[in-house]
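Okay, so here's the structure we're looking at.
Note that this is a predicted model, so its numbers are computed, not measured.
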Amino acid sequence: MLLTSPTMTPAQLLSRLGRSMLQYVAETDPWVPDEEESKKVHLLALAQRQRQDVDRLVELIFRRREIPDFGYYPVDYTDLQYLALNTVFPRLIRDQHELLGAVEATNAALGSVSDGRPVLLEILSNESRILDELREIANHDASLGDS
């Protein structure tokens with residue numbers, strides 16, 4: 001397990017996933033120097049992949065005859081506006097890591113016979129790949145600074 005996370009229902013997880021820091025940063029259009037525009041494009045693609053996970057979770061919630069509630073972005077995200085993308089990577093990575101813990105805890109709480117388990121396993125796999133790619137982008141920056 002990645003982290004000890006509180007157990008969430010799929011509906012609660014929707015708010016956490018749909019209002020993740022990655023989604024917030026993607027919506028606030030972080031600044032990057034022209035020569036690093038590809039980094040921003042990559043981040044926006046990761047956010048789009050995460051929105052596909054949100055869609056999967058919404059479908060599960062509808063199948064369970066529940067009403068999806070996307071909630072609000074945490075207030076502490078507002079200090080991320082107008083920042084250079086490079087400065088937010090440590091927080092993005094930490095938030096994505098915590099999000100993975102929430103997905104794992106929710107998946108474990110559903111049990112092995114739940115209709116939501118395949119959906120959550122797919123989300124877990126995709127969100128794990130997103131975390132890996134965020135780390136790659138950040139490590140690429142760190143390695144450029146060493147030269």
Side-chain angles (χ1 to χ4, degrees), residues 1-33 36-142:
M1 180 135 142
L2 294 171
L3 291 173
T4 303
S5 295
T7 302
M8 297 181 178
T9 65
Q12 292 168 320
L13 182 61
L14 174 64
S15 180
R16 178 66 180 89
L17 184 64
R19 298 298 178 241
S20 71
M21 187 175 294
L22 177 59
Q23 292 303 310
Y24 187 83
V25 170
E27 288 183 21
T28 58
D29 194 32
W31 179 84
V32 293
E36 295 180 1
E37 186 67 25
S38 64
K39 201 182 320 180
K40 183 174 168 181
V41 169
H42 192 170
L43 181 93
L44 295 175
L46 294 177
Q48 176 58 38
R49 284 181 22 212
Q50 190 172 71
R51 281 190 292 278
Q52 291 170 348
D53 287 339
V54 169
D55 292 344
R56 288 179 186 98
L57 203 47
V58 167
E59 289 173 13
L60 172 64
I61 291 166
F62 279 142
R63 279 197 316 264
R64 293 172 154 226
R65 300 189 193 296
E66 297 174 15
I67 299 172
D69 178 9
F70 292 91
Y72 302 98
Y73 284 112
V75 173
D76 62 331
Y77 288 4
T78 59
D79 65 348
L80 298 174
Q81 293 186 40
Y82 309 113
L83 293 178
L85 181 58
N86 290 341
T87 63
V88 299
F89 271 113
R91 284 182 67 182
L92 269 172
I93 291 168
R94 185 173 53 248
D95 184 74
Q96 186 67 20
H97 184 75
E98 291 169 1
L99 176 60
L100 273 173
V103 175
E104 278 191 333
T106 303
N107 186 41
L110 287 179
S112 61
V113 296
S114 170
D115 64 330
R117 192 159 178 94
V119 173
L120 287 174
L121 287 173
E122 187 176 356
I123 290 171
L124 184 62
S125 176
N126 189 45
E127 294 302 316
S128 181
R129 285 191 304 273
I130 289 171
L131 176 59
D132 290 343
E133 289 183 48
L134 285 171
R135 286 178 173 152
E136 284 177 26
I137 297 169
N139 287 337
H140 178 70
D141 289 341

Could you pull out the closest heavy-atom pair between [X] and [Y], with the gap in Å?
X	Y	result
Pro30	Val25	CD-O, 3.1 Å
Gly71	Arg19	O-NE, 3.4 Å
Ile61	Ala11	CD1-CA, 3.6 Å
Asn107	Arg117	O-NH1, 3.2 Å
Ser20	Leu99	CB-CD2, 4.3 Å
Phe62	Pro68	CE2-CD, 3.5 Å

Quiz item: Given the rule in the side-chain contact (heavy atoms from CB on, under 4.5 Å) test, do Arg135 and His97 qualify, once you have shown the distances and angles that lead to the verdict?
Solution: CA-CA 11 Å; Arg135 286 178 173 152; His97 184 75; 3.8 Å; yes
Treating [X] as the side-chain partner and [Y] as the backbone partner, does any N or O pair qualify as donor plus acceptor under 3.5 Å?
X	Y	value
Thr106	Thr9	no
Thr78	Val75	yes
Ser128	Leu124	no

How many angstroms lie between atom [atom1] of [X] and atom [atom2] of [Y], to the nearest 0.5 angstrom?
X	Y	atom1	atom2	answer
Tyr77	Met21	OH	CE	4.5 Å
Ile130	Arg49	CD1	CZ	5.0 Å
Leu80	Glu27	CG	CD	12.5 Å
Lys39	Phe89	NZ	CZ	6.0 Å
Leu92	Leu134	CG	CG	6.0 Å
Ile93	Leu22	CD1	CG	11.0 Å

Quiz item: Passes side-chain contact (heavy atoms from CB on, under 4.5 Å), Leu14 versus Glu66? Steps please.
Solution: CA-CA 12 Å; Leu14 174 64; Glu66 297 174 15; over 6 Å; no
Quiz item: Taking the side chain as C-beta and beyond, is there a heavy-atom pair between Val32 and Leu43 under 4.5 Å?
Solution: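 Val32 vs Leu43: side chains apart.
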Exercise. Using a strict cut-off of less than 4.0 Å between a Lys/Arg side-chain nitrogen and an Asp/Glu carboxylate oxygen, indicate whether Asp95 and Arg16 qualify as a salt bridge.
Key: yes
Quiz item: Should Asp132 and Arg129 count as an ion pair when the cut-off is N to O under 4.0 Å?
Solution: no
Exercise. Going by the side-chain hydrogen bond (donor to acceptor under 3.5 Å, both in side chains) test, name the single residue among Glu133, Glu37, Glu136 that passes it with His42.
Key: Glu133
Practice problem: Could you give me the CA-CA distance, side-chain angles and deciding distance for Leu46 and Gln96, then say whether side-chain contact (heavy atoms from CB on, under 4.5 Å) is met? | Solution: CA-CA 11 Å; Leu46 294 177; Gln96 186 67 20; over 6 Å; no
Quiz item: side-chain contact (heavy atoms from CB on, under 4.5 Å) between Val54 and Gln23: does it pass, once the steps are laid out?
Solution: CA-CA 11 Å; Val54 169; Gln23 292 303 310; 5.7 Å; no
